[in-house]
Protein chains: 2
Amino acid sequence: MKTEISLSTIRRLPIYLHYLKSLDVSQPNISATQIAGALNLGEVQVRKDLASISCGGKPKVGYEVHKLINELESYLGANDENSAVIVGVGRLGQALLEYDGFAQFGLEIVAGFDVREELFGKNIGGKPIFDEKQISGYVKDNGIAMAIITVPASFAQSTADKLVSVGIKAIWNFSPTHIVVPDTVVVKNENLAASLAVLSKQLKEK
Amino acid sequence: MKTEISLSTIRRLPIYLHYLKSLDVSQPNISATQIAGALNLGEVQVRKDLASISCGGKPKVGYEVHKLINELESYLGANDENSAVIVGVGRLGQALLEYDGFAQFGLEIVAGFDVREELFGKNIGGKPIFDEKQISGYVKDNGIAMAIITVPASFAQSTADKLVSVGIKAIWNFSPTHIVVPDTVVVKNENLAASLAVLSKQLKEK
DNA sequence: CGCCTATCGATATTTTTTTATCGATTCTAA
DNA sequence: TTAGAATCGATAAAAAAATATCGATAGGCG
């Protein structure tokens, strides 16, 4: 199927992938009903989501688990632009550099950048840390398209501007501020405090 | 106005709040048009969102900035259940313990829990770290309703089960696994790797 | 083999969210 | 003091997402 896949669907695909991988290998097939039950989703929704990336299951037996995993991985991971850099190697930046779940999606954080001299040349999570001044060269030389911003809020927008100017096309911003970028660039503002506030709000509404 | 506020709207409220706070104090009023322009949203959407929590602005002049901030803060922060604990004091847990943006929403992370003895009694970000065995008592004694899970994936579900059993009502899960909880509990699964994968996907679709 | 059940995929319906339109209100200024 | 522009709030329309319905098909079983 080749219609446009909605963002809501794309967001659920990694969840399916993860769940399928957690299954016992001895289970060759799985039904949408079962997936829906395990993940607390509607079974029709699961079928629709899977229909958008899979070539289909069989009535009564469901989908082949390994085939589905392949299809999900190839959809999510088939991506040339899969390297990212981190700007701002504080606690959070370090946590992300050491986080080992990215590879599952064919993604890799390849380097960190900071302004603090004492970090230059260090290795964190096996990734080198460089002087922030070198970002431009590094990004251009290596054709990097994605960047993660974990600098203090007051530097977030200027960092984003700089990244955009050197050719970054996707930004994941963890600074507690909302950055604005040109339409040609994809940005996800991840405000942790705001997320917790929303959760707290949901809790209260119950 | 007292109609149910949609989750999409609630998610945008912290963004408005943050933006308003970033404004020059000398600006007493602001229009939906201006907010929409700065944040890249539709101006009607901004008006509708604000209408749900504010008692209104005036034509031609817009909204009063300080009043709007108050209204947003009181909506987002007026919450008794505003203390959270963190389970799993690794890099990410530490980063969150030191993160200072939560107070803005009237939220506080009050303690961390881990299984590693060498952490017991330590202070991180001014917050005490305890033995995970003490969670139950702590949560009950202090009436904590929210918990953040930053343990390795393989312990995430069991940690969640335990938290639910001691009375936690909202869980923010950072382990790269999808946890399932009873309907009475609010959960947000925050899979960092999956988020980056989605961003990467969006980038590719362009 | 023929019936029953689980499940798929497609289409239709409902609900939710976003966007557009328009009359009413308030300020500015001639 | 009246014309004009900016902006609000409400209602309507459109778009997107979630959910329900239903015929078709594959396997199990008498």
Side-chain angles (χ1 to χ4, degrees), chain A residues 1-16 19-20 23 27-69 71-72 75 183 198 201-202 205, chain B residues 1-16 19-20 23 27-69 71-72 183 189 198 201-202 205:
Chain A
M1 182 164 283
K2 208 52 252 164
T3 46
E4 203 55 35
I5 301 181
S6 84
L7 193 53
S8 332
T9 295
I10 294 180
R11 276 197 260 258
R12 283 188 296 265
L13 296 180
I15 301 175
Y16 299 138
Y19 171 67
L20 292 172
L23 293 175
Q27 179 177 358
N29 294 291
I30 191 165
S31 71
T33 319
Q34 189 181 343
I35 297 176
L39 300 178
N40 240 258
L41 299 168
E43 64 171 289
V44 180
Q45 186 170 63
V46 173
R47 262 189 221 114
K48 251 182 118 187
D49 287 345
L50 295 184
S52 65
I53 56 105
S54 165
C55 51
K58 277 197 231 164
K60 187 78 178 185
V61 288
Y63 303 85
E64 282 179 53
V65 175
H66 79 273
K67 209 163 99 189
L68 208 44
I69 289 178
E71 289 166 332
L72 283 164
Y75 178 78
D183 277 354
V198 170
K201 200 68 218 170
Q202 285 180 268
E205 306 256 302
Chain B
M1 182 164 283
K2 211 48 258 166
T3 47
E4 201 55 37
I5 301 182
S6 83
L7 193 54
S8 331
T9 295
I10 294 181
R11 276 199 259 260
R12 282 187 297 266
L13 296 181
I15 301 176
Y16 299 137
Y19 171 67
L20 292 172
L23 293 174
Q27 178 177 359
N29 294 291
I30 191 164
S31 70
T33 319
Q34 189 181 344
I35 298 176
L39 300 178
N40 240 258
L41 299 168
E43 64 171 290
V44 180
Q45 187 170 63
V46 172
R47 264 191 219 112
K48 249 183 120 188
D49 287 345
L50 295 184
S52 65
I53 56 104
S54 166
C55 51
K58 276 196 231 162
K60 185 78 178 190
V61 289
Y63 304 85
E64 281 178 55
V65 175
H66 80 272
K67 209 164 99 190
L68 208 45
I69 289 178
E71 290 166 332
L72 282 163
D183 276 354
N189 285 289
V198 170
K201 202 65 221 172
Q202 284 181 268
E205 304 256 303

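Numbered from 1 within each chain, the chains take letters A, B, ... in sequence-line order. Computed from a predicted model, the values in this text were never measured in an experiment.
- Listed candidates were dC8(C), dA6(C), dA20(C). Nearest to the side chain of Val44(B) is dA20(C).
- Mapping Cys55(B) and Pro59(A) onto DNA chain D via the closest heavy atom, the residue that lands nearer the 5' end is Cys55(B).
- Nucleic acid contact for Ser6(B): sugar-phosphate only, since backbone atoms but no base atoms lie under 4.0 Å from a heavy atom of the residue.
- At whole-Å resolution of the value, CD1 in Ile35(B) and P in dT7(D) are 11 Å apart.
- Rounded to a whole Å, the CZ atom of Arg11(B) is 12 Å from the C1' atom of dT17(C).
- We find that CD1 of Ile10(A) is positioned 13 Å from P of dA18(D), with the value rounded to whole Å.
- The CG-C1' distance, from Asn29(B) to dC8(D), rounds to 13 Å in whole Å.
- The salt bridge (Lys or Arg N to Asp or Glu O under 4.0 Å) test applied to Glu71(A) returns no partner, not counting sequence neighbours.
- In this structure, CD of Glu43(A) is placed 12 Å from P of dT19(D), rounded to the nearest angstrom.
- Remark: P of dT7(D) and CG of Leu50(B) are 14 Å apart, rounded to the nearest angstrom.
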Requested in this report: Could you walk me through whether Thr9(A) and Ile53(A) pass the side chain to side chain contact (heavy atoms under 4.5 Å, CB included) test, one step at a time?
Outcome: CA-CA 10 Å; Thr9(A) 295; Ile53(A) 56 105; over 6 Å; no
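- For Arg47(B), the listed nucleotide lying nearest its side chain is dG9(D); candidates were dA26(D), dA18(D), dG9(D).
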Report task. Go through the steps to decide whether Val198(A) and Leu13(B) satisfy the test side chain to side chain contact (heavy atoms under 4.5 Å, CB included), and finish with yes or no. Result -> CA-CA 9 Å; Val198(A) 170; Leu13(B) 296 181; over 6 Å; no
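- To the nearest angstrom, P of dC8(C) lies 10 Å from CG of Leu68(A).
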Query - Stepwise side chain to side chain contact (heavy atoms under 4.5 Å, CB included) check, Val46(A) with Tyr63(A) - result: CA-CA 12 Å; Val46(A) 173; Tyr63(A) 303 85; 5.9 Å; no
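- Remark: Tyr63(A) is in phosphate contact with dG9(C), judged by side-chain N or O atoms under 4.0 Å from OP1 or OP2.
- Across all strands, Gly42(A) comes closer than 4.0 Å to no nucleic acid atom at all (heavy-atom distances).
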Requested in this report: I would like to know whether Leu41(B) and Tyr16(B) meet side chain to side chain contact (heavy atoms under 4.5 Å, CB included); could you show each step before the answer?
Outcome: CA-CA 11 Å; Leu41(B) 299 168; Tyr16(B) 299 137; 3.8 Å; yes
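- Out of dT25(D), dT7(D), dT5(C), the shortest distance to the side chain of Lys60(A) is found at dT5(C).
- With dG4(D), dA18(D), dC8(D) as the choices, the nucleotide that has an atom nearest any side-chain atom of Arg12(A) turns out to be dA18(D).
- End-to-end axis angle of the helix from dC1(C)-dG30(D) to dA30(C)-dT1(D), using five pairs per end and rounding to 10°, comes to 0°.
- Mapping Gly62(A) and Lys48(A) onto DNA chain C via the closest heavy atom, the residue that lands nearer the 5' end is Gly62(A).
- Heavy atoms only, all atoms of each residue included: Val61(B) and Asn29(B) are closest at O-CB, 3.5 Å.
- Looking only at distances, no side-chain donor or acceptor of Lys67(A) sits under 3.5 Å from a matching main-chain atom of Gly57(A).
- Applying the salt bridge (charged side-chain N to carboxylate O under 4.0 Å, His left out) test to pairs two or more places apart or on separate chains, those with a residue in residues 46-63 of chain A are Arg12(A)-Asp49(A), Glu43(A)-Arg47(A).
- A sub-4.0 Å separation between OP1 or OP2 of dC27(C) and a side-chain N or O of Lys58(B) is present.
- Straight-line distance from the CG atom of Leu7(A) to the P atom of dA17(D): 8 Å, rounded to whole Å.
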